[in-house]
Amino acid sequence: MSTIEFSKRQKKIMEIVQQSEPITSEKIASMLEVTRATLRPDLAILTMSGILDARPKVGYFYSGKSQFNLFSEEVKRIKVETMMSLPIVVTEETSVYDAIVTLFLEDVGTIFVASKGYLSGVISRKDFLKSAIGGTDMNKVPVGMVMTRRPNILTIGLKDSVLDAAIKILDHEVDSLPVVEREIVEGKEQLKIIGRISKSNVTKLFVELCKA
Ligand code: ADP
């Protein structure tokens, strides 16, 4: 969706319709002191871009949907499950060294950590750098000692919108979120790791929507 730069007259039309809806094209034309024919292309643009709504025999309504509103409505409709990537998961016992190898082989920036099949933590590039600087024996120390641990893990659900995921990613300054499904196991809430949604997924969606 490309952004339209509206002309002065188009902006004036928006104002008039906003104040006097429903209003016919004759009335708009007389207020602007132009002919209906002059207005036709402007009204067509405003209707096609969803800002005005035309109802036969009634006139024009202001629907208030700017390009940005339409864009964000589209983003809100897209669910995490349609955009997510495969999660890369290691167990807590995995050595920091092996996890770094996995990070390179799988070409990801964040690895999720599982214990007994459920999410227990997240380990990112910065965590690995921190442990390297700290002189950790990478072959001996398990990721469980270096990772960010639950309950301090931000997650997202399959049915949540990509916009919610993007807001969480931005607000908390992380690169990715585990996509999870909640399960109650022996009275305790556990998180099954289903996918991964990252800044790259969001950027890709942004580009696709702009091109569409
Ligand atoms: P990087 O370290 O590559 O810049 P992040 O910005 O995602 O990647 O990670 C910064 C810190 O936040 C790390 O300590 C990491 O463990 C933690 N972190 C990453 N993702 C999450 C998440 N979804 N929830 C909670 N903490 C996270």
Side-chain angles (χ1 to χ4, degrees), residues 71-210:
F71 186 87
S72 74
E73 267 176 28
E74 191 70 27
V75 178
K76 275 180 207 154
R77 256 208 309 273
I78 299 169
K79 297 209 184 325
V80 163
E81 62 186 344
T82 64
M83 289 302 301
M84 67 185 190
S85 309
L86 276 179
I88 306 302
V89 185
V90 299
T91 61
E92 278 196 33
E93 298 74 38
T94 310
S95 69
V96 168
Y97 182 93
D98 285 343
I100 293 175
V101 172
T102 305
L103 188 98
F104 276 103
L105 288 179
E106 302 287 351
D107 195 17
V108 289
T110 311
I111 294 179
F112 302 145
V113 184
S115 172
K116 295 182 186 132
Y118 294 104
L119 179 70
S120 64
V122 166
I123 183 155
S124 75
R125 276 175 286 219
K126 236 175 273 156
D127 298 323
F128 287 127
L129 286 173
K130 242 189 277 171
S131 69
I133 290 173
T136 303
D137 184 346
M138 297 203 192
N139 282 299
K140 290 216 179 95
V141 173
V143 287
M145 303 248 317
V146 184
M147 68 185 190
T148 301
R149 186 174 281 279
R150 272 193 80 197
N152 300 323
I153 302 293
L154 291 155
T155 62
I156 196 93
L158 280 170
K159 303 286 175 199
D160 288 328
S161 77
V162 175
L163 183 64
D164 287 334
I167 290 170
K168 268 193 181 177
I169 286 174
L170 270 188
D171 282 356
H172 300 275
E173 297 180 349
V174 293
D175 287 350
S176 70
L177 303 173
V179 182
V180 298
E181 246 172 18
R182 279 158 217 287
E183 277 180 16
I184 302 294
V185 184
E186 290 162 6
K188 220 177 135 197
E189 186 192 67
Q190 298 286 10
L191 303 176
K192 203 166 142 199
I193 308 168
I194 311 287
R196 171 172 64 98
I197 191 139
S198 67
K199 284 180 180 170
S200 305
N201 297 114
V202 176
T203 310
K204 194 166 158 241
L205 174 65
F206 177 80
V207 172
E208 276 172 12
L209 284 176
C210 288

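Just so it is clear, the structure is predicted and the values come from calculations on it, not from any experiment. Each ligand, and each atom within it, is numbered from 1 in the order the structure gives.
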**Study point:** Near ligand 1, at a heavy-atom separation below 4.0 Å: residues by chain and residue number
**Key:**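 Residues within 4.0 Å of ligand 1: V122, S124, R125, K126, D127, T148, N152, I153, L154, E173, V174, D175, S176, L177, P178.
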
Review point. Charged N to carboxylate O below 4.0 Å: is that the case for D175 and R125?
Key: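 R125 and D175: salt-bridged.
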
**Study point:** Side-chain ion pair, K168 and E173, N-O less than 4.0 Å
**Key:**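 Here K168 does not pair with E173 in a salt bridge, since their nearest N and O are not under 4.0 Å apart.
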
Check your understanding: Ignoring hydrogens and geometry, is there a side-chain-to-backbone donor-acceptor pair from N201 to M83 under 3.5 Å?
Key ->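 Here the side-chain-to-backbone pair exists.
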
Review point. Sequence neighbours excluded, which residues qualify as side-chain hydrogen bond (donor to acceptor under 3.5 Å, both in side chains) partners of K116?
Key: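 Listed in chain order: nothing, the list is empty.
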
Check your understanding: Which residues satisfy the salt bridge (charged side-chain N to carboxylate O under 4.0 Å, His left out) test with D171, sequence neighbours excluded?
Key ->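 D171 satisfies salt bridge (charged side-chain N to carboxylate O under 4.0 Å, His left out) with no residue once adjacent residues are dropped.
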
Check your understanding: Listed by chain and number, what are the salt bridge (charged side-chain N to carboxylate O under 4.0 Å, His left out) partners of K192, not counting sequence neighbours?
Key ->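 Expected list: E183.
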
